[in-house]
Amino acid sequence: MTNTLRFFLFSNLFYCFSFFDSAFAQKVSTEIRLNQIGFYPNGEKIAVISGEKNTDFTVKDAGTGRVVFKGKLSEPRTSQYSGKINRIADFSTVRKSGKYVVEVADIGKSFPFEIKDQVHKEVAIASIKGFYYQRASTDLPEKFAGKWARAAGHPDDKVLIHASAVSPGRPENDVISSPKGWYDAGDYNKYIVNSGITMGTLLSLYEDFPEYFQTFNTNIPESNNSVPDLLDEVIWNLRWMLTMQDPGDGGVYHKLTNPKFDGMIMPDACKNPRYVVQKNTIATLDFVAVMAQSARILKSFDAQLPGLADSCITASVKGWEWAKKNPIVLYNQDEMNKKFDPDIVTGGYGDKNASDEWIWAAAEMYALTGKTDYLQGISFETDKIMPLPSWNQVKALGYYTIVRTSEALKTENNFTNQVQQSILKFSNDLLNDLEKQPYHTVMGKTAKDFAWGSNAVAANQGIALICAFKISKDKKYLQAALGNLDYILGRNATGYSFLTGYGSKQVMHPHHRPSVADGILAPVPGLLSGGPNPGQQDKCTTYTSRFADESFTDDYCSYASNEIAINWNAPMVYLTAAIESIMEEKSSK
Ligand code: 9MR
């Protein structure tokens, strides 16, 4: 073929394709970022378009190609991290249920998405189900786990007392039984501190939206008992936590762990010895808070779960007393390893400040008993800006509990108001300058949002905003919370939908041992990847950007940007289920 002929054929082919593209089916472009699952008929609907050359967009029916909306893009907005330009496409007035795409000439069309009621229900179910897949000491039969069925691992019925954890009744290498619980993350260890915030978040979700969970089925072995599935899931970890208290004195071990991380292998292939290590104040206070909150909730299920609420009450009181006697025993892994063998080099969760754990535990003990004695001597520091919850900062969990229980307990008005104002102030700060943000989300406004596990920052901001919405009834907070869910499901600088198994551009290679080792292409579903983290502490070589909002790689080596963890999944569950519950209520009014 001559070059001229080749050129002729090629250019005609090209012409044919471009004609086809513009007239019927534009190609999908990842330069259009939006929630890849969809939108509520009455909710805000936003897509973000990279670049500045276009001014118009359309929304088309994904099936027929019919234009249902024509709109103008916003003024350009610049990313404070990469300097890249975006424009916002707002199509909130499209309310009819259906499947659609957003199209921009010269760029292409978005992934398809739906507009419908209960649009995130499946995502809510999946993210709770994610915890089922994290269960230790049990097999996961196909009936519940589908193709991710697996054999039981880590029975944890012969756990050793580490030299750092000896007490009069429990000498070094004594054997205890401490089964169940959830694996913390991509690794197989079980950490009390991280279980604390995780359980607190899930229990709060139940307390804030109990009605919603009456009919919420996640297809787990307990689904047919008369306890809500969310609570059944929580109880799997609660029963493990109860075994982590030294019955002698009430102190709580920091974690149940291997000395070193297991390899990237399935749970049943792991045979390393496991230890419980050093009791400390922070683990004990987190435990106290969880036990008190559980007791409060489980009191109503005494017929189904005889004695469980009482066991939680006893455990919380004993833990509180231990903490009172040992107010600042901190866990410092390096120091511990200098004194005791074997060295423990798994996740540290070493928090150096117990003041927020005192606040949370005191709030829960007060809410459980109604006794203001528990609040004595504890400053709630409501004059300071409320810090966002994370594993080492749980003050806000105490605030949420004060707000949620104040009416029933007739808590002093002035105190409740101060706590409410602190939550509102935090939320107002988040909302400041939302109109200038390149993805029109409160998430990502400041660089510190892109911490290790940044997607949990987005989800926890969402929880605070939902609390602000409940206090004020002002829709702007709810809308911003939904914006952060949109962020997690695709409206972000990476273009990924971060919950495994959901969205069009999915995370496929999380740092998660079963997902790596099970030989199944798709990762275990319903798990939230950590998200952009410019720290890049894992030193993976596959990152393609160092900009804070883009610093993510879908590679299993990336434990700093692409691991999964229970304390990240829990706020994802809260955010999604809370929004579903609120939107359902609104649409039925
Ligand atoms: O989420 C934790 C993050 O805040 C810390 O910076 C990081 C390093 O210490 O550890 C993270 O937690 C990990 C834990 O130590 C072990 N299991 C996996 C957790 C998620 O990466």
Side-chain angles (χ1 to χ4, degrees), residues 127-132 134-136 178 180-185 189-210 213 218 220 222 227-245 252-256 282-299 301 305 308-309 311-313 315-316 319-320 349 351 356-357 359-361 363-365 367-368 389-401 404 453 456 459-460 463 528 565-575 577-578:
S127 52
I128 296 178
K129 186 69 179 272
F131 285 88
Y132 171 72
Q134 289 295 97
R135 287 187 185 188
S178 189
K180 301 192 175 178
W182 300 306
Y183 297 130
D184 184 58
N189 303 298
K190 305 190 289 196
Y191 307 81
I192 285 292
V193 169
N194 208 37
S195 267
I197 182 167
T198 304
M199 295 284 278
T201 304
L202 294 176
L203 289 162
S204 298
L205 172 62
Y206 180 77
E207 281 198 293
D208 289 341
F209 302 93
F213 289 98
T218 61
I220 53 176
E222 302 81 5
V227 176
D229 283 6
L230 174 63
L231 292 182
D232 278 324
E233 196 51 65
V234 162
I235 289 167
W236 184 265
N237 201 57
L238 182 69
R239 292 197 190 277
W240 165 66
M241 288 185 79
L242 280 163
T243 68
M244 288 293 281
Q245 184 170 44
V252 177
Y253 305 113
H254 190 66
K255 56 179 169 174
L256 189 163
I282 289 180
T284 303
L285 289 171
D286 281 334
F287 172 97
V288 166
V290 168
M291 291 303 150
Q293 196 176 6
S294 299
R296 201 164 67 225
I297 295 169
L298 296 178
K299 271 185 198 167
F301 294 92
L305 303 158
L308 186 54
S311 302
C312 294
I313 294 174
S316 65
W320 178 265
Y349 289 121
D351 178 359
D356 52 300
E357 283 79 12
I359 292 172
W360 184 31
E364 297 302 343
M365 290 304 283
L368 173 65
S390 69
W391 61 263
N392 57 0
Q393 178 47 260
V394 291
K395 188 200 269 190
L397 301 194
Y399 283 18
Y400 297 157
T401 290
R404 145 178 343 116
N460 273 308
I463 297 177
L528 184 67
I566 55 172
N567 62 317
W568 306 338
N569 244 68
M572 175 66 183
V573 170
Y574 188 113
L575 179 62

Exercise. Under 3.5 Å, is there a donor-acceptor pair between the Asn194 and Tyr349 side chains?
Worked result: yes
Problem set entry | Step-by-step side-chain contact (heavy atoms from CB on, under 4.5 Å) determination, Gln293 to Tyr206 | CA-CA 11 Å; Gln293 196 176 6; Tyr206 180 77; over 6 Å; no
Which heavy-atom pair separates [X] from [Y] by the least distance, and what is that distance?
X      : Y      : answer
Leu575 : Ala459 : CD2-CA, 4.0 Å
Tyr574 : Ser204 : CE1-C, 4.0 Å
Glu364 : Leu397 : OE2-O, 4.2 Å
Ile463 : Tyr400 : CG2-CE1, 3.9 Å
Ser195 : Asn237 : OG-ND2, 3.0 Å
Leu298 : Ala309 : C-CB, 3.8 Å

N/O donor-acceptor pair under 3.5 Å between [X] side chain and [Y] backbone:
X      : Y      : answer
Asn569 : Ser127 : yes
Ser316 : Ile313 : yes
Lys129 : Ile220 : no
Gln134 : Ala185 : yes
Asn567 : Ile197 : no
Trp236 : Gly181 : yes
Glu207 : Arg404 : no
Lys190 : Trp240 : no
Asp184 : Tyr191 : no
Asp356 : Val394 : yes

Atom pair [atom1] ([X]) and [atom2] ([Y]), whose distance is rounded to the nearest 0.5 Å:
X      : Y      : atom1 : atom2 : value
Ile235 : Leu308 : CD1   : CG    : 5.5 Å
Asp229 : Tyr132 : CG    : OH    : 11.5 Å
Leu285 : Trp360 : CG    : CH2   : 10.0 Å
Leu203 : Leu238 : CG    : CG    : 7.5 Å
Arg296 : Met365 : CZ    : CE    : 11.0 Å
Cys312 : Leu242 : SG    : CG    : 5.0 Å

For this session: Please assess Met241 against Ile192 for the test side-chain contact (heavy atoms from CB on, under 4.5 Å), listing each intermediate value before the final yes or no.
Result: CA-CA 7 Å; Met241 288 185 79; Ile192 285 292; 4.1 Å; yes
Exercise. Does the side-chain contact (heavy atoms from CB on, under 4.5 Å) test come out yes or no for Leu202 and Phe131, once each step is laid out?
Worked result: CA-CA 11 Å; Leu202 294 176; Phe131 285 88; 3.9 Å; yes
For this session: Would you mind checking if Arg135 and Glu233 are paired as a salt bridge, meaning a charged N to carboxylate O distance below 4.0 Å?
Result: yes
Exercise. Run the side-chain contact (heavy atoms from CB on, under 4.5 Å) check on Asp286 and Ile282 step by step: do they pass?
Worked result: CA-CA 6 Å; Asp286 281 334; Ile282 289 180; 3.9 Å; yes
For this session: Determine whether Leu205 and Val573 make a side-chain contact, defined as any pair of heavy atoms from C-beta on separated by less than 4.5 Å.
Result: yes
